[in-house]
Amino acid sequence: MRTLFLLLTLLCPTATLAQVLGYACAFEQICVERLSCQPSDLEVLVNSTSETAATLTTGGRELTAQILRDPSLEARSYVTGLEFNTIHLLTIFRDGGARFTIHTPVSDLQSMVHIGQCEIAP
């Protein structure tokens, strides 16, 4: 699947990130602010509901997100409002590399970053 994503990116660079409607993402590491990274098995499914909105599904929760597109089409980001006392930010880069960041208002723990890959969902 990643090969298909990379092939599409090379053949139609202006179309791929603009037209993809869904992704399946797997994250192998979690890094907690001020602490070292640890293994992670987090998965996030992305389903675009319109040109500007998507649903992120993770851990049995559905999060409503706004889609932010990089004008150069090098990346696409999804950001939620304050849901479950947390803001979620998913960024997928052209090569499928991804960062899923969780921001909380707790004073001693402010962000966690999951590092992984996303593929176009079937």
Side-chain angles (χ1 to χ4, degrees):
M1 191 58 87
R2 182 170 177 191
T3 304
L4 175 61
F5 178 80
L6 294 173
L7 185 61
L8 284 172
T9 302
L10 293 172
L11 295 177
C12 339
T14 58
T16 53
L17 286 177
Q19 295 176 354
V20 170
L21 295 180
Y23 293 96
C25 305
F27 297 89
E28 300 87 30
Q29 283 189 343
I30 179 172
C31 305
V32 178
E33 191 171 301
R34 296 185 299 269
L35 300 174
S36 63
C37 297
Q38 302 295 320
S40 172
D41 61 357
L42 179 74
E43 293 183 357
V44 178
L45 296 176
V46 180
N47 183 29
S48 294
T49 54
S50 72
E51 286 284 316
T52 59
T55 300
L56 308 180
T57 304
T58 182
R61 293 182 172 168
E62 284 193 0
L63 306 167
T64 302
Q66 296 299 310
I67 300 171
L68 306 173
R69 291 192 184 109
D70 174 40
S72 69
L73 299 176
E74 292 296 322
R76 176 181 276 200
S77 293
Y78 302 83
V79 63
T80 69
L82 190 62
E83 294 187 46
F84 306 106
N85 205 31
T86 305
I87 293 176
H88 301 79
L89 172 64
L90 170 64
T91 300
I92 304 170
F93 298 93
R94 181 181 288 268
D95 67 355
R99 302 293 181 268
F100 184 63
T101 307
I102 301 166
H103 304 263
T104 62
V106 179
S107 62
D108 63 338
L109 175 64
Q110 296 183 2
S111 69
M112 293 180 285
V113 178
H114 292 267
I115 302 168
Q117 290 289 131
C118 293
E119 296 180 344
I120 298 170

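Because the structure is predicted, anything quoted here is derived from the model rather than measured.
- Between the side chain of Thr55 and the main chain of Glu62, no donor-acceptor pair closer than 3.5 Å is present.
- Aromatic ring orientation, Phe100 versus Phe27: tilted (interplanar angle from 30° to 60°).
- With values rounded to the nearest 0.5 angstrom, Gln38 atom CD is found 9.0 Å from Gln29 atom CD.
- Under the 4.5 Å side-chain heavy-atom criterion for Ile, Leu, Val, Met, Phe, Trp and Tyr, Ile102 and Leu82 are members of distinct hydrophobic clusters.
- Under a hydrophobic clustering in which Ile, Leu, Val, Met, Phe, Trp and Tyr are joined whenever their side-chain heavy atoms come within less than 4.5 Å, directly or via other members, Val44 and Val79 fall into different clusters.
- Here CG of Leu90 is found 10.5 Å from CG of Leu63. Values are rounded to the nearest 0.5 Å.
- Under a hydrophobic-cluster definition in which Ile, Leu, Val, Met, Phe, Trp and Tyr are linked whenever side-chain heavy atoms come within less than 4.5 Å, directly or via other members, Leu56 and Ile120 are assigned to the same cluster.
- For the atom pair Arg76 CZ and Arg94 CZ, the distance stands at 11.5 Å (nearest 0.5 Å).
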- Query: Passes side chain to side chain contact (heavy atoms under 4.5 Å, CB included), Cys118 versus Val46? Steps please.
  - Reply: CA-CA 9 Å; Cys118 293; Val46 180; 5.9 Å; no
- Message: Assess the residue pair Ile67 and Glu51 against the criterion (side chain to side chain contact (heavy atoms under 4.5 Å, CB included)); give the C-alpha distance rounded to whole Å, side-chain angles, the decisive distance to 0.1 Å, and a yes or no.
- Response: CA-CA 8 Å; Ile67 300 171; Glu51 286 284 316; over 6 Å; no
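- Between Thr80 and Ile87, the shortest heavy-atom contact is O-CG2, 3.5 Å.
- At least one donor-acceptor pair under 3.5 Å links the side chain of Thr58 to the backbone N or O of Glu43.
- Separating the CD atom in Gln117 from the CD1 atom in Ile92 is a distance of 10.5 Å, to the nearest 0.5 Å.
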- Asn47 and Thr57: side chain to side chain contact (heavy atoms under 4.5 Å, CB included), yes or no, with the steps? CA-CA 8 Å; Asn47 183 29; Thr57 304; over 6 Å; no
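- Nearest heavy-atom pair across Met112 and Ile30 is SD-CD1, 3.9 Å.
- To the nearest 0.5 Å, atom NE2 of residue His88 and atom OG1 of residue Thr64 are 11.5 Å apart.
- Atoms CZ and OG1, from Arg99 and Thr91 in turn, are 9.5 Å apart once rounded to the nearest 0.5 Å.
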